[in-house]
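Working notes for the structure below.
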Amino acid sequence: MSLGEIRHDWSRKNVDRLFALPFNDLVFQAQTVHRANFNANEVQVSTLCSIKTGACPEDCAYCPQSVRYDTGLEREQLMAIDAVIEEAKQAKAAGATRFCMGAAWRSPKSRDMGAVVGMVKGVKELGMETCMTLGMLDQQQAKDLADAGLDYYNHNLDTSPEYYGEVITTRTYADRLTTLDNVRDAGMNVCCGGIVGMGEEASDRVGLLLQLANMVQHPESVPINQLVRVEGTPLAQEEDLDPFDFIRTIAVARILMPKSHVRLSAGREVMNDQTQALAFFAGANSIFYGEKLLTTANPEESKDMQLFARLGIQPEKYALEQNVEQSSTEPNIAAAVSPQDSSAALFYEAAN
Ligand code: SAM
Ligand code: DTB
Ligand code: SF4
């Protein structure tokens with residue numbers, strides 16, 4: 001097999017072999033593929049907004065928003081369109097280029113479609129890329145969102161087909177694949193990944209990545225989440241994941257899907273800077289930025305700015321061509337990591 005080739009016929013043996021490589025060899029290969037396809041010092045920056053929080057009827061064992069688990073989360077109604085647009089403005093001013101709106105739904109109800117379409121239109125008018133994650137979509141709902149201008153739809157496979165039943169019983173793996181087909185057929189970009197650290201075997205991480213990498217078209221965004229253990233959920237007491245196994249998962253995703261953005265997604269709050277830096281080195285080139293994910297904590301914005309500055313990482317400009325117009329005000333995160341006015345300047349000066 002030649003490194004960096006775009007393939008959709010990966011065998012389990014191929015992927016097993018990648019995971020079995022010595023760590024340095026694997027990460028070196030991943031970085032090589034990464035550099036052939038991306039600027040290795042740029043990271044895409046997305047901000048999440050929970051447009052409808054809690055009281056979800058599904059039973060996803062990791063999720064603080066399921067109505068079945070007592071996690072102390074207060075349920076909230078669907079946000080008003082104006083309030084969502086206001087949050088998007090703030091995210092844009094802070095430097096995010098993509099605004100991801102998430103709802104704790106099994107699937108959207110017809111009565112909610114008007115509001116979510118309004119949110120997509122309003123956020124797009126700000127010049128941001130839009131993403132939504134609302135649960136399962138039928139063909140018509142996917143078409144309605146695509147017509148509204150939605151750029152990305154997030155729907156994760158979460159884990160391997162084999163382990164899936166241990167985590168979720170209220171919707172099947174096949175249901176998820178159908179939604180992903182509907183999203184593709186409607187012409188939207190696909191954001192699809194999973195979660196590690198849910199007590200799965202290493203072979204389940206292989207199984208998840210095989211599913212993603214053998215899709216007819218690779219997802220444009222591949223979020224790799226580390227389980228956020230939330231008190232009250234069935235997975236709250238899961239054991240710590242070895243950080244090197246997390247990095248290996250990122251590296252293998254990078255090698256299998258060379259042109260996709262691989263997102264270092266949930267779980268950064270408990271990762272040290274070194275682990276995050278290693279994830280970027282292994283080919284992760286997207287993050288969620290902002291102090292909250294949907295309902296749980298994410299690193300403070302200033303901490304992320306410092307990390308970018310210390311690593312010489314720049315936030316990526318808009319990934320999609322239709323959004324190339326630049327805003328008149330320079331986003332904060334870009335300003336904060338430029339060598340002129342950040343701690344990086346001291347580093348560059350010291351190095352010269
Ligand atoms: N309700 C919709 C659905 O599940 O299709 C959309 C929102 S849901 C919160 C989006 C994704 O967030 C899930 O598929 C899962 O991968 C991720 N997620 C949820 N809770 C998580 C947790 N505690 N740790 C890591 N990832 C989580
Ligand atoms: C994804 O893969 N991760 C994000 C986003 N897609 C929607 C969600 C992470 C949620 C973590 C738990 C919470 O904050 O509720
Ligand atoms: Fe509901 Fe989504 Fe949470 Fe599952 S992951 S319980 S579908 S909000």
Side-chain angles (χ1 to χ4, degrees), residues 46-69 71-76 78 98-109 112 116 130-137 141 152-159 164 167-173 175-180 182-183 190-200 208 212 219 221-238 241 246 249 253 261-271 284 286-299:
S46 296
T47 290
L48 273 169
C49 172
S50 182
I51 60 170
K52 191 266 161 187
T53 305
C56 182
E58 303 293 278
D59 70 351
C60 313
Y62 49 76
C63 188
Q65 304 204 66
S66 168
V67 76
R68 298 161 195 245
Y69 316 130
T71 62
L73 187 70
E74 287 213 13
R75 63 170 74 180
E76 287 165 28
L78 183 61
R98 189 178 307 165
F99 194 63
C100 305
M101 295 160 268
W105 287 330
R106 172 176 166 80
S107 57
K109 302 243 173 5
D112 297 316
V116 293
T130 50
C131 178
M132 279 189 161
T133 179
L134 314 172
M136 295 187 286
L137 295 184
Q141 289 170 323
Y152 288 82
Y153 194 79
N154 166 252
H155 198 63
N156 290 337
L157 289 176
D158 281 347
T159 188
Y164 183 86
V167 183
I168 299 142
T169 69
T170 49
R171 70 171 73 152
T172 65
Y173 215 76
D175 288 335
R176 290 188 184 249
L177 293 170
T178 302
T179 292
L180 292 165
N182 292 341
V183 170
V190 169
C191 172
C192 183
I195 309 178
V196 293
M198 297 194 294
E200 73 283 352
L208 168 68
L212 297 168
S221 274
V222 180
I224 304 293
N225 297 279
Q226 177 173 289
L227 175 70
V228 179
R229 291 170 291 198
V230 180
E231 213 47 63
T233 62
L235 296 182
Q237 313 308 330
E238 266 318 316
L241 180 74
F246 181 77
T249 310
H261 277 77
V262 174
R263 184 172 304 123
L264 167 56
S265 196
R268 291 197 302 119
E269 175 68 0
V270 297
M271 280 175 211
S286 172
I287 58 162
F288 284 123
Y289 173 67
E291 286 159 25
K292 217 174 191 192
L293 290 164
L294 288 171
T295 67
T296 63
N298 201 36

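This one's a predicted model, so the numbers in the text were calculated from it and none came from an experiment. First listed ligand is number 1; within each ligand, the first listed atom is number 1.
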Query raised in the report: Can you tell me if C60 has a non-hydrogen atom under 4.0 Å from ligand 1?
Result: no

Report task. For atom 16 (O) of ligand 1, grab the closest protein heavy atom and report residue, atom and distance to one decimal in Å. Result -> D158 OD1, 2.7 Å

**Report entry** Numbered atoms of ligand 3 (with element) below 4.0 Å of A104, judged on heavy atoms
**Finding:** 8 (S)

Query raised in the report: Are any of the heavy atoms in M198 under 4.0 Å away from ligand 1?
Result: no

Query raised in the report: Within less than 2.8 Å of atom 3 (Fe) of ligand 3, any N, O or S from C56?
Result: no

Requested in this report: Tell me whether C63 has at least one N, O or S atom under 2.8 Å from atom 4 (Fe) of ligand 3.
Outcome: no

Query raised in the report: For ligand 2, does C191 get within less than 4.0 Å through its side chain, its backbone, both, or neither, judged by non-hydrogen atoms?
Result: neither

**Report entry** C56 near ligand 1 by a heavy-atom separation under 4.0 Å
**Finding:** no

Query raised in the report: For ligand 1, does A103 get within less than 4.0 Å through its side chain, its backbone, both, or neither, judged by non-hydrogen atoms?
Result: backbone

Report task. Could you tell me which atoms of ligand 3, counted from 1 in the order shown, lie closer than 4.0 angstrom to a heavy atom of Y62? Result -> 5 (S)

Query - Nearest neighbour of atom 5 (O) of ligand 1 from the list E58, R171, R106, on a heavy-atom basis - result: R171

Report task. Could you check atom 4 (C) of ligand 2 against the protein and tell me its nearest heavy-atom contact, residue, atom and distance included? Result -> F288 CE1, 3.6 Å

